[in-house]
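These notes concern the structure reproduced below.
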Amino acid sequence: MISPASRSLSSGDARAALSAILNAPPGGVMFHCMSGRDRTGMIAMLLLRAVDADTEDIVDDYLETVRLGELRAASENQDNDENAREELCRAHGTTTENAFRSALSQLQLPAFLTSARLSENDLQALRSWRNTIQH
């Protein structure tokens, strides 16, 4: 059974993850959660929105994790629960993709960053980091 509460992302969690990414030494940064789908997807959504990535690119990035469900499950030695997740979405009148699109369309990044209480240094790092991304 999928427990939404165990996979939620608090503003404190987001602050910690974003701060770690923004303050990482130069080079690549890898971030993930237990299954690499929900909380990871939300952090990726925040970062991609922050650099003004195209909406379709953000959605496609998230859906790549869904498409790799079988591989993720195998690497964790677990069953692929993508069908159960999709059924849960359908029970609520949506799909995985549409639920993500809804979250993305409702994201008010400045308000979220304020509620996450990022430090001024982190906000400055995000502003300067945004200018280094080419897409």
Given side chain to side chain contact (heavy atoms under 4.5 Å, CB included), test T55 with R49 step by step and report yes or no.
CA-CA 8 Å; T55 295; R49 180 55 79 207; 3.2 Å; yes
Intermediate values then yes/no, side chain to side chain contact (heavy atoms under 4.5 Å, CB included), V59 and L104
CA-CA 8 Å; V59 171; L104 181 57; 4.0 Å; yes
Stepwise side chain to side chain donor-acceptor pair (under 3.5 Å) check, Q124 with S128:
CA-CA 6 Å; Q124 181 57 40; S128 62; 4.8 Å; no
Report the C-alpha distance between L18 and L126 in whole Å, list the side-chain angles of each, state the deciding distance to 0.1 Å, and finish with yes or no for side chain to side chain contact (heavy atoms under 4.5 Å, CB included).
CA-CA 9 Å; L18 291 171; L126 181 59; over 6 Å; no
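With E86 contributing its side chain and T96 its backbone, the two residues share a donor-acceptor pair below 3.5 Å. For the pair D79 (side chain) and D81 (backbone), a donor-acceptor distance under 3.5 Å is absent.
With contacts defined as side-chain heavy-atom distances shorter than 4.5 Å, the pair F100/I58 qualifies. Using a 4.5 Å heavy-atom threshold, the side chains of L107 and L46 count as touching. L88 is not listed as a side-chain neighbour of R85, based on a closest heavy-atom distance of 4.5 Å or more. Side-chain contact between E82 and V66 is present, with at least one heavy-atom pair separated by less than 4.5 Å.
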Result block: side-chain N/O donor-acceptor pairs under 3.5 angstrom for residues 20-31, not counting sequence neighbours:
| from | atom 1 | to | atom 2 | distance (Å) |
| --- | --- | --- | --- | --- |
| N23 | ND2 | S19 | O | 2.7 |
| N23 | ND2 | S19 | OG | 3.3 |
| N23 | ND2 | D122 | OD1 | 2.6 |

Which side-chain N or O atoms in residues 108-118 pair as donor and acceptor under 3.5 Å with protein atoms at least two apart or in another chain?
| from | atom 1 | to | atom 2 | distance (Å) |
| --- | --- | --- | --- | --- |
| T114 | OG1 | P110 | O | 3.0 |
| S115 | OG | F112 | O | 2.9 |

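Taking a 4.5 Å side-chain heavy-atom cut-off between Ile, Leu, Val, Met, Phe, Trp and Tyr, the cluster of L68 extends to L71.
Residues passing the side-chain hydrogen bond (donor to acceptor under 3.5 Å, both in side chains) test with R90: none are found, sequence neighbours excluded. Qualifying salt bridge (charged side-chain N to carboxylate O under 4.0 Å, His left out) partners for D60, counting only residues two or more places apart in sequence or in other chains: R67.
Among residue pairs with one or both ends in residues 96-109, those qualifying as salt bridge (charged side-chain N to carboxylate O under 4.0 Å, His left out) are E56-R101, E97-R101; sequence neighbours excluded.
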